[in-house]
Amino acid sequence: MVHLVVIGGGVIGLSVAWRAAQRGHGVSLYDPHTARGASWVAGGMLAPVTEAWHGEESLLDLGSASLERWPSFAADLGDAGLSTAGTIVAALDQADRAELDRLAAYVAERGRDVDALTGRALRQLEPALGPAVRAGLHVPGDLSVDNRQLLSALRDASAQAGVRFAATVPEADVTVIAAGAWSGSLHPLLEKLVRPVKGEILRLEARSGALPPPTRTIRGHVEGRHVYLVPRANGLVVGATQYESGFDLHPKAGGVRDLLNDAEQLLPGITEYALTEVTAGLRPGSPDNLPLVGWLEPGVIVATGHYRNGLLLAPITADTVVALLEDEPIPPEAKAADPIRFTEGSPWK
Ligand code: GLY
């Protein structure tokens with residue numbers, strides 16, 4: 001049995017703590033604001049395909065491997081808020097269509113399921129989609145989770161498995177750094193590797209008489225900006241902007257205006273919804289958009305840098321950290337996340 005302390009109580013820290021405690025390790029978790037931060041703000045997409053970019057094949061493979069673990073991860077947690085309804089990517093004009101064609105070809109090449117549909121066929125699936133939607137993709141395998149329900153389930157399951165929520169950082173055999181965008185200040189090797197990438201999100205609630213929200217996640221590209229709408233019980237999370245502006249957590253008026261404008265192009269009915277929340281969070285960015293999961297030095301594991309994919313990558317990250325603790329082979333797709341790709345040869349190694 002290993003005594004470990006996990007620094008950071010977002011989705012990654014909680015998942016690591018829970019899975020390690022389930023395996024019989026002695027786990028303390030330290031975070032003055034457990035279950036908040038970027039995990040609290042997140043849209044909740046579990047979307048390796050629709051978040052895929054050319055040149056990021058390792059991330060697509062890692063995300064797909066983690067998504068395969070999601071159903072049993074959610075089932076073990078009980079009511080974790082997993083939705084298996086799938087995702088639609090909507091195109092409004094010819095340029096969007098061209099971008100979607102590239103995405104469809106790229107993911108089909110990698111053996112993933114995508115169907116190209118007309119606007120009409122898309123509106124049959126999701127009647128709330130507006131007339132401006134000309135065409136799109138249906139990606140049944142890209143799922144979503146209610147991030148706040150998940151955090152609450154993870155917190156309960158961790159406590160039940162014996163995780164101690166510590167008020168100060170206790171002595172331990174192994175420290176796991178899982179402090180998201182703040183991880184850079186916790187170890188010299190991470191200082192230049194983890195940076196905050198701000199994102200604003202909105203929460204909207206359907207009022208009586210308004211069109212009900214869609215069942216699937218809707219993504220789109222409007223005036224060069226990406227927007228997504230992720231269903232929640234009787235509402236939507238609309239996200240997200242993306243800026244590099246340090247640790248500033250104030251939502252920007254222009255960001256909120258763009259999100260509302262872009263969301264309305266896709267789902268005109270949301271103008272009747274109540275705007276119930278505007279929040280900003282800080283994604284933990286890494287230099288190559290892959291997370292950093294592995295040993296930093298004897299006694300210190302890092303599990304951060306998940307950038308736009310913290311919720312998606314939680315199951316495989318937790319399994320990888322547990323495998324490292326137990327000196328077992330890690331999932332093959334997680335090898336690409338080893339921080340050694342940046343730290344080899346560093347004076348700190
Ligand atoms: N995963 C979506 C985002 O970070 O905005």
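Since we're looking at a predicted model, the values are computed, not measured. All ligand and atom numbering here is 1-based and tracks the order in the structure.
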Q: For H221 and D96, test the side chains for any donor-to-acceptor distance below 3.5 angstrom and give the result as yes or no.
A: yes
Q: Pull out every atom of ligand 1 sitting under 4.0 Å from any heavy atom of E51, numbered as shown with elements.
A: 1 (N), 2 (C)
Q: Please state whether Y307 comes within less than 4.0 angstrom of ligand 1, counting heavy atoms only.
A: no
**Q.** Verdict with supporting geometry, R232 and N147, side-chain hydrogen bond (donor to acceptor under 3.5 Å, both in side chains)
**A.** CA-CA 10 Å; R232 290 292 190 272; N147 57 320; 2.8 Å; yes
Q: Quick one: look at R283 and ligand 1, take heavy-atom pairs under 4.0 Å, and tell me if it's side chain, backbone, both or neither.
A: side chain
Q. Which atoms of ligand 1 sit under 4.0 Å from any heavy atom of M45?
A. 2 (C)
Q: Considering only non-hydrogen protein atoms, determine which one is nearest to atom 1 (N) of ligand 1 and report residue, atom name and distance to 0.1 Å.
A: R308 O, 2.6 Å
Q | Donor on one side chain, acceptor on other, E264 and T271, under 3.5 Å | A | no
Q) Side chains of P287 and L193: closer than 4.5 Å at any heavy-atom pair? A) yes
**Q.** pair V194-V302: side-chain heavy atoms closer than 4.5 Å
**A.** no
**Q.** Nearest-neighbour protein heavy atom for atom 2 (C) of ligand 1, which is reported as residue plus atom name and distance
**A.** Y228 OH, 3.3 Å
**Q.** Which of the ligand 1 atoms, numbered from 1, are nearer than 4.0 Å to a heavy atom of A240
**A.** 5 (O)
Q.
Given H306, which partner from the list L290, L311, L312, V293 fulfils the side-chain contact (heavy atoms from CB on, under 4.5 Å) test?
A. V293
